[in-house]
Protein chains: 2
Amino acid sequence: MLTKSSTELVRQRNSVLVLSVLRRHGALAHTEISDSTGLSSATISAITTELEKAQIIEKSEQQPASGRGRPRVLLRQRRDCGYLIVVIISSDAVQYSLVDYAGKLIDRFSEERSHDPAGAARFVAAVRAGLSRILDRSKISQEKVLLISISSKGLVNSTEPVLVWSPIFGSDQIDFESALRPEWQAKVILDNETLLVAAALGAREEIVKGADFRSLAALSLGHSVGLGIVKRGNQTGQEISAPNFGHMLHMANGGLCRCGTRGCIEAYAGFYAILRSAFEVPLDTIPAKFVPVAELDKIAAKARQGHRVPAFAFRQAGLALGNGLSRMLSLTERMPIAITGPGTRYYDLLRQGIEEGLGQSHIVRMEGMPEIRVVADEQILVFEGHLNRALSVIDEDIVVSGVQGIQASG
Amino acid sequence: MLTKSSTELVRQRNSVLVLSVLRRHGALAHTEISDSTGLSSATISAITTELEKAQIIEKSEQQPASGRGRPRVLLRQRRDCGYLIVVIISSDAVQYSLVDYAGKLIDRFSEERSHDPAGAARFVAAVRAGLSRILDRSKISQEKVLLISISSKGLVNSTEPVLVWSPIFGSDQIDFESALRPEWQAKVILDNETLLVAAALGAREEIVKGADFRSLAALSLGHSVGLGIVKRGNQTGQEISAPNFGHMLHMANGGLCRCGTRGCIEAYAGFYAILRSAFEVPLDTIPAKFVPVAELDKIAAKARQGHRVPAFAFRQAGLALGNGLSRMLSLTERMPIAITGPGTRYYDLLRQGIEEGLGQSHIVRMEGMPEIRVVADEQILVFEGHLNRALSVIDEDIVVSGVQGIQASG
DNA sequence: ATTTTTTTCTCGACAGTCGAGAAATTTAGT
DNA sequence: ACTAAATTTCTCGACTGTCGAGAAAAAAAT
């Protein structure tokens with residue numbers, strides 16, 4: 001459905017554009033903004049004075065003049081314009097981070113998670129407590145928190161912040177919006193963890209390649225298997241999606257997965273699955289909830305020493321991943337694949353299987369093997385993805401609501 | 001990447017919007033356009049007088065006044081504003097259609113295709129001859145042909161009109177752009193056939209459901225297997241993609257497909273594959289190039305009479321389709337699936353297998369079975385999809401180039 | 001003939017962008 | 001010390017676009 005455009009919309013869009021280059025490059029002068037947006041100097045003046053009046057950006061103190069001519073006046077976001085809370089849910093802990101509008105980390109702590117499974121309600125209460133705590137510690141008023149950005153492994157509703165399925169709570173859905181609503185009036189967004197990794201890598205790639213960047217997939221290997229895809233959108237930044245890759249069907253009537261279905265990719269490539277086949281336990285055994293990484297390291301060591309069975313377990317895992325990726329590539333365009341997560345330490349053992357699995361499909365035989373790269377520091381990427389995504393959401397919201405309102409009353 | 005907006009862009013967008021409602025609803029009066037676009041009457045005046053001057057739309061002769069008040073003046077596209085040639089390539093023929101700017105069919109004929117495989121170059125020559133012929137028959141000058149819209153089964157490059165792989169020519173790529181370029185200056189677009197079916201169904205659905213429409217997949221069953229996906233875009237109409245579904249991996253080291261790979265979905269669910277398993281021919285037999293439908297009808301008749309082996313062949317085909325669809329759903333959101341093509345006549349035999357195949361994956365077990373509907377008249381949908389897509393491309397091109405140029409010189 | 005009703009057209013107000021040039025402010029040169 | 005050059009920011013008028021209100025047009029009803 002096409003919708004009508006108006007001159008006001010033009011201003012909104014261009015304001016968001018100005019904020020986004022400010023975010024990408026840090027404090028910038030009038031002229032620099034004009035250059036990197038393509039907007040004329042006059043327009044930049046109009047937009048920046050508006051944003052300044054609305055207390056969203058500020059003129060920075062002049063730095064020592066370098067070169068001749070009138071010294072530049074740098075513009076930057078006002079740090080105290082608003083705040084963001086990032087909540088990263090992982091299998092053994094929940095990390096809370098308070099970030100200001102300029103993207104600077106102010107406070108952070110982690111809380112251990114009890115592994116009791118009957119705890120969806122209890123977990124929500126713990127998150128509420130964590131949010132209160134980080135707010136208390138920093139003496140920031142609650143209204144200043146503009147956004148709460150949450151991530152988890154698992155399947156997420158694309159329109160509402162509802163965790164539909166997760167490795168920990170299974171089908172016990174968690175609706176974060178309604179869970180936080182009476183207490184918090186901030187907007188709440190929820191994303192799949194690997195999606196954020198993809199978003200972060202995509203943003204990095206776009207800085208390097210510019211308009212040449214087309215798309216990218218991030219594959220996260222760990223206790224569970226996640227996938228995020230990021231594509232370059234037409235107008236509106238990037239388009240991202242987080243398929244349910246770990247529980248895509250690998251083989252009908254195959255090994256039992258912890259989700260209860262048979263034959264998921266995770267039932268071959270998740271840590272517990274590798275352990276299971278390394279110990280030659282029957283594939284219909286109910287898998288372990290949690291596997292210490294040390295345990296897997298031992299198996300990997302044996303595999304590297306040339307033991308057949310553990311090597312075969314990694315190879316099977318690679319095959320499942322390769323087949324799954326080849327299926328994804330049959331449904332999308334050709335794109336590079338970035339592998340992250342704790343599982344990357346076994347990439348030497350997985351690689352052959354992955355490549356063989358990829359090679360079994362028509363699309364890969366035709367287009368050739370996709371580029372595969374291993375990227376460490378998944379945690380950093382997750383946080384970076386949170387910031388990219390959350391701050392651009394905030395920018396948009398602030399322009400749509402904030403500028404108008406303040407302008408009208410001022 | 002965000003890009004800057006300008007007031008001129010606003011006019012462009014709104015002009016396209018006006019043309020698109022004119023296309024959807026036929027001839028409309030000033031007031032009606034204003035109502036259905038949301039633009040003010042004054043703006044409609046400005047835009048329509050501009051389009052009229054540029055000879056893109058015209059005031060229709062007044063029809064008998066109904067009701068009192070000033071009689072309405074209907075606006076409609078000028079049929080002679082430009083023309084479109086639709087080329088539908090199927091396995092046994094190529095159909096050429098000449099359509100005017102209002103979407104009205106002016107001329108049409110089909111040409112048989114020789115089945116000689118060594119004919120990519122020869123085929124291109126035949127298409128050139130066909131295009132010349134339809135132009136000659138209708139006495140329209142070549143410059144008036146604004147767009148040539150081509151469709152084929154197979155894999156298509158998403159940015160250029162290049163047929164990357166097709167059931168008939170295999171990996172003999174055909175670049176229609178360069179093949180037609182010296183002779184024709186019209187824009188050339190190429191789409192996968194099932195993609196156009198999805199586009200047509202999506203457009204129909206959007207008319208019924210309006211903003212509630214989210215996405216839809218079309219599955220085409222025949223000698224080969226095709227899939228098209230249509231999603232509702234943010235601003236810019238609909239987003240469509242045509243994955244390489246027929247050659248997605250169904251089962252590693254499975255039956256030999258005519259693409260040369262083993263285990264493709266088509267190697268189980270294509271007509272030739274059903275024939276192969278119904279006759280219990282080994283799965284690594286090089287499959288027949290072409291299977292008469294009558295042959296398959298016989299097998300279906302036997303299956304319906306309760307014979308085990310032919311029934312099993314259809315069931316296997318259904319399983320491959322179901323597993324493939326479940327994999328697609330693991331990578332996208334939940335969406336209804338429309339099944340088209342000559343294979344729908346065997347849907348009674350395929351259905352159980354499809355549902356079982358779908359049910360083997362986590363996502364379907366969680367979200368429930370997707371809605372499946374059988375839609376006949378694939379040929380009509382393909383043509384409808386061509387028109388939807390081609391005419392909106394023309395509208396955009398005309399507004400971007402046409403209006404500006406004529407305004408400047410007039 | 002006049003009034004009512006409906007549609008189309010036109011005008012002035014307002015929002016936005018742009019180019020050009022004025023104003024500001026510093027460095028370099030004499 | 002003064003002037004010229006350089007560079008950045010700011011301002012003004014022109015242009016494009018949308019909108020609301022009301023005038024103008026045109027037919028039916030009274």
Side-chain angles (χ1 to χ4, degrees), chain A residues 2-18 27-53 57-76 399-400 403-404 407-408, chain B residues 2-18 27-53 57-76 399-400 403-404 407-408:
Chain A
L2 300 171
T3 71
K4 77 169 178 176
S5 292
S6 63
T7 50
E8 286 85 353
L9 236 163
V10 170
R11 169 56 64 91
Q12 260 189 30
R13 276 223 159 80
N14 286 338
S15 296
V16 170
L17 179 62
V18 166
L28 286 181
H30 194 105
T31 334
E32 295 168 317
I33 299 179
S34 170
D35 284 350
S36 58
T37 57
L39 293 165
S40 77
S41 163
T43 305
I44 301 298
S45 275
I47 290 176
T48 52
T49 56
E50 198 179 77
L51 290 175
E52 209 183 336
K53 265 189 203 149
I57 63 174
E58 62 188 354
K59 294 207 173 85
S60 86
E61 299 313 306
Q62 74 297 332
Q63 75 293 243
S66 64
R68 63 192 192 176
R70 180 172 173 171
R72 298 179 159 189
V73 180
L74 296 189
L75 297 165
R76 60 157 49 95
V399 166
V400 172
V403 178
Q404 313 298 71
Q407 278 301 91
Chain B
L2 298 173
T3 70
K4 77 169 178 176
S5 292
S6 64
T7 50
E8 286 86 354
L9 235 165
V10 170
R11 167 57 65 90
Q12 261 189 29
R13 273 222 158 81
N14 286 338
S15 296
V16 170
L17 179 62
V18 166
L28 286 181
H30 194 105
T31 336
E32 295 168 318
I33 298 179
S34 169
D35 285 350
S36 57
T37 58
L39 293 165
S40 78
S41 164
T43 305
I44 300 299
S45 275
I47 290 176
T48 53
T49 56
E50 199 179 77
L51 291 175
E52 210 182 334
K53 264 188 203 150
I57 63 173
E58 60 187 355
K59 293 206 174 86
S60 85
E61 299 312 305
Q62 75 296 334
Q63 74 290 244
S66 64
R68 64 192 195 175
R70 181 172 173 172
R72 300 179 158 189
V73 179
L74 296 190
L75 297 165
R76 58 157 52 94
V399 166
V400 172
V403 179
Q404 314 298 71
Q407 279 303 90

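Letters A, B, ... are given to chains in the order of the sequence lines, protein chains preceding strands, and every chain is numbered from 1. Remember, predicted model here, so these are calculated numbers, not experimental data. Atoms considered below: every heavy atom in the structure, side chains included; atoms not considered: hydrogens, waters and symmetry mates.
- Distance, B:Arg72 CZ to D:dA28 C1': 15 Å, rounded to whole Å.
- Each of A:Ser41 and A:Lys4 was matched to the nucleotide of DNA chain D holding its nearest heavy atom; the match closer to the 5' end belongs to A:Ser41.
- Of the residues near DNA chain C, A:Arg70 and A:Arg11, the one whose nearest nucleotide (by heavy atom distance) lies more toward the 5' end is A:Arg11.
- Residue A:Ala29 is classed as a sugar-phosphate contact, given heavy-atom separations below 4.0 Å to backbone atoms only.
- The side chain of B:Pro71 lies closest to D:dA26 when the candidates are C:dT8, D:dA26, C:dC18.
- Taking the nucleotide of DNA chain C with the nearest heavy atom to each of A:Arg68 and A:Ser40, the more 5' of the two is matched to A:Ser40.
- Among the atoms of the strands shown, base atoms are found under 4.0 Å from some heavy atom of B:Ser45.
- Residues B:Lys59 and B:Glu52 are paired through a salt bridge, judged by an N-O separation under 4.0 Å between the basic side chain and the carboxylate.
- Computed from coordinates, the A:Lys59 NZ to D:dT9 P distance equals 10 Å when rounded to whole Å.
- In this structure, B:Arg13 atom CZ and C:dG16 atom P are separated by 17 Å, rounded to whole Å.
- A:Thr48 OG1 to A:Leu28 CG: the interatomic distance, rounded to the nearest 0.5 Å, is 12.0 Å.
- Atom CG of B:Leu74 is separated from atom CD of B:Glu32 by 7.0 Å, given to the nearest 0.5 angstrom.
- Side chains of B:Val400 and B:Gln12 form a contact here, defined as non-hydrogen atoms less than 4.5 Å apart.
- Across the protein-nucleic acid pair, B:Leu74 atom CG and C:dT6 atom P stand 17 Å apart, rounded to whole Å.
- Using a 4.5 Å cut-off on side-chain heavy atoms (C-beta onward), B:Asn14 and B:Leu39 make contact.
- If you measure from atom CD of A:Glu8 to atom C1' of D:dG17, you get 10 Å, rounded to the nearest angstrom.
- Taking atom CD of A:Glu32 as the reference point, atom C1' of D:dT8 lies 11 Å away to the nearest angstrom.
- For C:dT7, the OP1/OP2 oxygens have no side-chain nitrogen or oxygen of B:Thr31 closer than 4.0 Å.
- Counting non-hydrogen atoms under 4.0 angstrom, B:Leu39 reaches the backbone sugars and phosphates but no base.
- Atom NE2 of B:His30 is separated from atom C1' of D:dC19 by 12 Å (rounded to the nearest Å).
- A close approach under 4.0 Å does occur between a side-chain nitrogen or oxygen of B:Asn14 and OP1 or OP2 of D:dT18.
- Atoms CG (B:Asp35) and C1' (C:dT8) sit 14 Å apart, rounded to a whole Å.
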